[in-house]
Amino acid sequence: QVHLVDSGGGLVQPGGSLKLSCEASGRTFSGGAVGWFRQSPGKEREFVAARRWSGGIPYYADSIKGRFTISRDVAKDTVAYLQMNSLKPEDTAVYYCAAGRPIIGTITSSSGYNYWGQGTQVTVSS
């Protein structure tokens, strides 16, 4: 069993930055993938970013490409990050990290992940 804790959300002005963290316990991310998803009120959960823990190209939603970066802690196999720059009001949402072993074609889908964090609120407002 993997327990994920995501953190780092908060209130930020448009154009600002936040760095979200996702820490796993019970098992490392090694051998799998980590993803970030978000959900705004009245909307379905949507994909934000993902990467396979072993490396390779990261995946990003078009809406955040060039502004967000998914990364891993180089010293630990249990911590992943989402650096968010140039934040916009439309980025306001609850952000969730997810872990699992998505098969080909599912790394950008919530169905590819077995474990989820509790969510951290990101609010972009002046």
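Throughout, numbering of the chain's residues begins at 1 and tracks the sequence.
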Please round to the nearest 0.5 Å and tell me the distance separating atom [atom1] of [X] and atom [atom2] of [Y].
X	Y	atom1	atom2	answer
K88	I64	NZ	CD1	10.5 Å
H3	Q118	NE2	CD	7.0 Å
Q83	I70	CD	CD1	12.5 Å
C22	D73	SG	CG	12.0 Å
I103	S111	CD1	OG	8.0 Å
Y96	L20	OH	CG	12.5 Å

Working note: I107 + Y113, criterion side chain to side chain contact (heavy atoms under 4.5 Å, CB included); need CA distance, chi angles, decisive distance, verdict.
CA-CA 8 Å; I107 195 170; Y113 299 87; 3.3 Å; yes
Side chain [X], main chain [Y], donor-acceptor under 3.5 Å:
X	Y	value
T92	V124	yes
T120	G9	yes
R51	S71	no

Is any side-chain heavy atom of [Y] closer than 4.5 Å to one of [X]?
X	Y	result
S110	Q39	no
V34	L4	no
F29	R72	no
T108	Y60	no
I57	R52	no

With sequence neighbours left out, write down each residue that passes salt bridge (charged side-chain N to carboxylate O under 4.0 Å, His left out) with R67, or none if nothing qualifies.
D91
Does anything in residues 11-25 form a side-chain hydrogen bond (donor to acceptor under 3.5 Å, both in side chains)? List the pairs, not counting sequence neighbours.
S17-N85
For the student: nearest non-hydrogen atoms of [X] and [Y], plus distance:
X	Y	value
R101	S30	NH2-O, 3.7 Å
P14	S126	CD-N, 3.7 Å
V48	F68	CG1-CD2, 3.7 Å

Would you say [X] and [Y] are hydrophobically clustered, going by side-chain heavy atoms of ILVMFWY under 4.5 Å?
X	Y	value
V79	W116	no
W53	Y59	no
Y95	V12	yes
V94	M84	no

Any chance the side chains of S125 and T123 put a donor and an acceptor closer than 3.5 Å?
no
Apply side chain to side chain contact (heavy atoms under 4.5 Å, CB included) to L82 and D6, showing your working.
CA-CA 10 Å; L82 183 69; D6 34 38; over 6 Å; no
Sequence neighbours left out, what passes ring pair (Phe, Tyr, Trp, His ring centres under 6.0 Å) with F47? Give chain and number order.
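If we apply the ring pair (Phe, Tyr, Trp, His ring centres under 6.0 Å) test to F47, skipping adjacent residues, the hits are F37.
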